[in-house]
Amino acid sequence: EATVQDVVIDAVQAGVPVIASTSLTNDTTPVISGTAEVGSSVNVTLGSGANTSTWTVVATDGRWSIDTGVASTSTAGTGHTIAVNGANAVSVTATDSAGNVSAAATQTLTVDSAAPTVTITDDQAAVTVNGDITFTITFSEEVSGFTASDITVANGTAGTFTQTSPTTYTLVVTPDAGLADNVSVGVAANIAADLAGNNNTAATTATQAVDTAAPSAPVITGITTPNSDSTPTITITAEAGSTVTVYANGAVLAGNITEVSGTFTFTPTAGLPDGNYRITATAEDAVGNVSAEATVQDVVIDAVQAGVP
């Protein structure tokens with residue numbers, strides 16, 4: 001008899017390999033890895049159509065990996081160059097010792113090396129404001145690791161911080177009291193990362209002009225007492241351009257008022273009945289800050305004609 005030849009028949013297709021490495025990375029020469037039948041020859045192909053690059057390795061212990069930064073084993077056409085900030089088709093097959101080729105495992109590998117950008121806006125249309133300001137921080141893509149403590153605030157106090165979408169956050173800022181300056185908000189670089197691990201760039205600092213400083217209390221500089229005129233002229237010095245309100249015995253006194261360079265002249269619309277009046281005034285600036293009251297001036301109105309001798 002001829003010498004016995006032991007033959008193994010294996011017509012079973014090799015198991016489909018598994019691609020275990022991430023499908024999203026910021027590495028421009030990523031390592032692709034996974035598992036396959038022990039001892040099988042693994043072909044990892046990047047690209048599709050006529051232009052592909054293939055790396056061939058052995059899954060010695062059931063694991064395999066290839067480094068796309070190393071030259072491929074073979075190419076078709078012009079080969080495949082990793083598409084940075086784009087998608088790359090990955091196909092992996094395993095061939096066992098009997099020559100059975102598995103079905104292909106596939107993956108779309110995205111290489112994203114672009115840093116997220118940040119913009120900051122606020123909700124105030126006015127040139128100068130005196131109340132809370134809501135700033136909106138918008139990233140160009142979804143990020144992780146961003147918190148209120150990553151925002152710098154000058155001339156104000158950070159309040160409510162809210163994430164309103166995967167890319168958008170808001171922060172309410174209360175301006176400092178007595179401030180006539182800008183509130184500014186900034187976000188530094190490298191405090192948040194996108195899903196591929198790229199750190200953000202710094203935002204351009206956002207500023208909003210603020211005036212929370214109340215005008216000085218007006219000064220009543222001219223009024224005669226006792227006064228026989230029931231509509232006496234009252235002269236007041238206050239912040240130029242402000243709105244002056246005159247009070248008599250605690251009530252707003254209606255009247256006509258004119259201003260020349262911070263000097264206001266007020267005349268009541270209706271005659272005041274005879275009596276004693278405590279006259280004061282306040283000044284309100286263009287953004288709504290109201291001064292303390294002027295020092296009270298006590299005035300006596302006596303418009304009744306003296307009796308006939």
Side-chain angles (χ1 to χ4, degrees), residues 22-28 30 83-88 108-216 239-243 245 282-292:
T22 182
S23 62
L24 175 63
T25 181
N26 62 0
D27 187 350
T28 57
V84 177
N85 299 319
N88 301 269
T108 299
L109 174 62
T110 300
V111 177
D112 174 8
S113 64
T117 58
V118 194
T119 58
I120 307 174
T121 58
D122 70 48
D123 63 341
Q124 300 298 323
V127 175
T128 304
V129 300
N130 72 340
D132 286 354
I133 308 163
T134 299
F135 288 89
T136 299
I137 298 95
T138 304
F139 288 85
S140 59
E141 58 184 302
E142 182 177 353
V143 297
S144 61
F146 183 62
T147 66
S149 62
D150 296 319
I151 305 171
T152 58
V153 177
N155 295 331
T157 301
T160 303
F161 174 75
T162 307
Q163 182 175 2
T164 59
S165 80
T167 59
T168 308
Y169 303 77
T170 60
L171 178 71
V172 178
V173 175
T174 300
D176 292 340
L179 178 69
D181 202 343
N182 289 329
V183 167
S184 61
V185 170
V187 173
N190 304 321
I191 48 80
D194 66 14
L195 300 181
N198 300 296
N199 290 331
N200 69 286
T201 59
T204 299
T205 299
T207 60
Q208 173 62 57
V210 170
D211 179 5
T212 58
S216 299
E239 182 178 297
S242 62
T243 299
T245 302
T282 58
E284 180 178 341
D285 65 19
V287 295
N289 299 303
V290 179
S291 72

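Hydrogens, waters and symmetry mates are skipped; everything else that's a heavy atom, side chains included, is used.
Taking the side chain as every heavy atom from C-beta outward, Glu239 and Asp285 approach each other to under 4.5 Å. Residues Phe146 and Ile151 have side chains in contact (heavy-atom distance under 4.5 Å, counting atoms from C-beta outward). For the pair Val111 and Asn88, the minimum side-chain heavy-atom distance is below 4.5 Å. Side-chain contact between Leu109 and Pro30 is present, with heavy atoms from C-beta onward closer than 4.5 Å. With contacts defined as side-chain heavy-atom distances shorter than 4.5 Å, the pair Ser184/Val153 does not qualify. Under the 4.5 Å side-chain criterion, counting only non-hydrogen atoms from C-beta, Val129 is in contact with Gln208. In this structure, Asp112 and Asn198 have side chains that are in contact, with non-hydrogen atoms separated by less than 4.5 Å. Using a 4.5 Å heavy-atom threshold, the side chains of Val143 and Val118 count as separate.
The aromatic rings of Tyr169 and Phe139 stand perpendicular to each other, their planes meeting at an angle above 60°, with 30° marking the opposite boundary.
Between the CG atom in Asp27 and the OG1 atom in Thr25 there is a gap of 5.0 Å [rounded to 0.5 Å]. Between atom CG of residue Asn26 and atom OG1 of residue Thr110 there is a gap of 12.5 Å, rounded to the nearest 0.5 Å. A distance of 11.5 Å separates CG in Leu24 from OG1 in Thr108, rounded to the nearest 0.5 Å. Expressed to the nearest 0.5 Å, how far OG1 of Thr170 lies from CD of Gln163 amounts to 10.0 Å. If you take CD1 on Ile191 and CG on Asn199, they are separated by 8.5 Å, rounding to the nearest 0.5 Å. For the atom pair Leu171 CG and Asp150 CG, the distance stands at 11.5 Å (nearest 0.5 Å).
When only modelled atom types and interatomic distance are considered, Asp211 and Asn130 share no side-chain donor-acceptor pair under 3.5 Å. For the residue pair Thr162 / Thr164, no side-chain donor-acceptor distance below 3.5 Å is found, with atom types taken as modelled. Side-chain atoms of Thr174 and Asp132 include a donor-acceptor pair closer than 3.5 Å.
Across all non-hydrogen atoms, the minimal contact from Pro215 to Ser291 is O-CB, 3.1 Å. The two atoms that bring Pro116 and Ser140 nearest to each other are CA-OG, 3.4 Å, heavy atoms only. Counting all heavy atoms, side chain and backbone alike, Asn85 lies closest to Ser113 at OD1-N, 2.8 Å. The shortest non-hydrogen separation linking Thr147 to Phe161 is C-CZ, 3.8 Å. Considering every non-hydrogen atom in both Ile133 and Asp122, the closest pair reads CG2-CB, 3.7 Å.
At distances below 3.5 Å, at least one donor-acceptor pair connects side-chain atoms of Asn155 with backbone N or O atoms of Asn182. Thr212 places a side-chain N or O within 3.5 Å of a backbone atom of Leu179 that can act as its donor or acceptor partner.
Each of Ile120, Thr167, Thr119 was checked for a side chain to side chain contact (heavy atoms under 4.5 Å, CB included) with Ile137, and the lone residue meeting it is Ile120. The side chain to side chain contact (heavy atoms under 4.5 Å, CB included) test with Asn200 singles out one residue from Asp194, Thr117, Val187, and that residue is Val187.
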